[in-house]
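None of these values were measured; they are calculated from a predicted model. Sequence lines set the chain letters: A, B, ... in the order given, protein chains first and strands last, and positions in each chain run from 1.
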Number of protein chains: 2
Amino acid sequence: MVGVIDGRQAAARLVATYSCIANDMRYTAAVFDHCLYFNTSALARRLEREWSAAFEPFDLTPPQAFMLRAVIERQGLLQSELSEALSIARPTATRALDGLEAKGYVERYRSAVDGREVSILPTPKAVRLRNALNEASGAVTARLKKELGGGAFAGAVAVIRGIRSALE
Amino acid sequence: MVGVIDGRQAAARLVATYSCIANDMRYTAAVFDHCLYFNTSALARRLEREWSAAFEPFDLTPPQAFMLRAVIERQGLLQSELSEALSIARPTATRALDGLEAKGYVERYRSAVDGREVSILPTPKAVRLRNALNEASGAVTARLKKELGGGAFAGAVAVIRGIRSALE
DNA sequence: CCCATATAGTTGCATAGCTAATTACAGGAG
DNA sequence: CTCCTGTAATTAGCTATGCAACTATATGGG
């Protein structure tokens, strides 16, 4: 904390709120309106809240729930394959699986073929959650589709996936 | 670590890799292809890498750099206004500003009008970075625009921003 | 004036993500 | 066989993020 601002400066602040010295566009509301990074990160944070609420009844965070769903749908994948499927770094996969293992949802099996690899299998308790997890996620999707319009929603997902794949 | 998987099970794993019991679509490559949350989060992580490299010469992470750019472009905003402008929670803004203050890029001024509020101003050292920061970000944008096609890029940003604003 | 309520900012705690470094195993060159 | 190199997973350490709780200030009612 460095100083105190007086009333005159506070008034100047209010003007600054609604003007943009940077690009001669005055009364621009948002600073990074046209930035792909900014809008994508902000949307990701916003969506995290939606899916967080959806998985809250299972006491799972969205990353945990998506990892578990992947383990259930693709039984026996190696950790490296899971990290690739979920587009996360391998240490992140290690920790997500640590958490799910501690909760009794997954088991690790070291491969007899290659002793470095570890296969992941869901426990029966996890498999029993499968439909409920899919439905919880599907309910959020259905709600957003309704709010945003079905066509717009599918188009948006396609656009976002398209950018992802264009960046490898 | 619970057990060891044998060769036969390993073979079954490979089949599982490329089939999807969940929805009768076999040979589906990606598990959550149609999920808005999954694709958006994954894209956000990918873009974080791009912008991270862009701001690396300034020893700033993307969140730090975007906060600093907002402070420079909207001089004198309150912390609450900055957190809203950047779509982050107020504690996150507090910590981002702590870091920028420690680096000598921003100064906090407690409002004389309302002693709870704090106005943020960039230091001259920060203002001198302004063009370079904008250009660093613009260079990434330009490169991606070229890779993805200008129309597709602008359309994608519009779509993503549209979803953001539809969710308030 | 004093108290109750509200608000701005901060702090504590937890999760998730990354890179770099480490450990354990695999596989080929000599 | 031994060593060197490569790779899967883990560990260490950092940043960013959010919610909940706390502090300090403001404001309106008695």
Can you find a side chain N or O atom of [X] that sits less than 4.0 Å from OP1 or OP2 on [N]?
X	N	value
S80(B)	dG9(C)	yes
R108(A)	dT10(D)	yes
R116(B)	dG9(C)	no
T92(A)	dC18(C)	yes

Given atom [atom1] of [X] and atom [atom2] of [N], what is their separation to the nearest angstrom?
X	N	atom1	atom2	answer
E81(B)	dG9(C)	CD	C1'	14 Å
D114(B)	dT27(D)	CG	P	6 Å
Q64(B)	dT15(D)	CD	C1'	8 Å
E117(B)	dT25(D)	CD	P	13 Å
R110(B)	dA24(D)	CZ	P	11 Å
R95(A)	dA16(C)	CZ	P	12 Å
L78(B)	dT25(D)	CG	P	16 Å
I88(B)	dT15(D)	CD1	P	16 Å

Tell me, do [X] and [Y] make a side-chain contact under 4.5 Å, heavy atoms counted?
X	Y	value
R74(A)	E81(A)	no
V159(B)	I160(A)	no
W51(A)	C35(B)	yes
Y105(A)	I72(A)	no
R46(A)	T40(B)	no

Which heavy atom of I163(A) sits nearest to which heavy atom of A156(B), and what is that distance? CD1-CB, 3.4 Å
Please give me the minimum heavy-atom distance between V31(A) and A85(B), naming the atom from each residue. CG2-CB, 4.5 Å
Pairs where residues 134-145 of chain A contributes a residue and the test salt bridge (charged side-chain N to carboxylate O under 4.0 Å, His left out) is met, not counting sequence neighbours: E50(A)-R143(A), R143(A)-E147(A)
Salt bridge (charged side-chain N to carboxylate O under 4.0 Å, His left out) contacts touching residues 82-95 of chain B (sequence neighbours left out): none
DNA chain D: P62(B) or P91(B), which has the more 5' nearest nucleotide? P62(B)
Take the C1' atoms of the five end pairs on each side of the helix from dC1(C)-dG30(D) to dG30(C)-dC1(D), get both axes, and report the angle to 10 degrees. 10°
V127(A) and L60(A): same hydrophobic cluster, using ILVMFWY side-chain contacts below 4.5 Å? no
Within the 4.0 Å heavy-atom criterion, would you say P63(A) contacts the bases, only the backbone, or no part of the nucleic acid? sugar-phosphate
Taking any heavy-atom pair under 4.0 Å as a contact, classify T94(A): base, sugar-phosphate, or nothing. base
Taking the minimum atom-to-atom distance to the side chain of Q79(A), which one of dA8(C), dG17(C), dA9(D) wins? dA9(D)
Taking the six-membered ring for Trp, are F55(A) and F66(A) ring centroids under 6.0 Å apart? yes
By a strict heavy-atom criterion of less than 4.0 Å, which residues belonging to residues 159-168 of chain A are in contact with DNA chain D? none
Contact residues, residues 38-60 of chain B to DNA chain D [heavy atom, < 4.0 Å]: none
If you assign G115(A) and A89(A) each to the DNA chain C nucleotide with the nearest heavy atom, which residue ends up on the more 5' nucleotide? A89(A)
Contacts of S87(B) meeting side-chain hydrogen bond (donor to acceptor under 3.5 Å, both in side chains) (sequence neighbours excluded), chain-then-number -> R164(B)
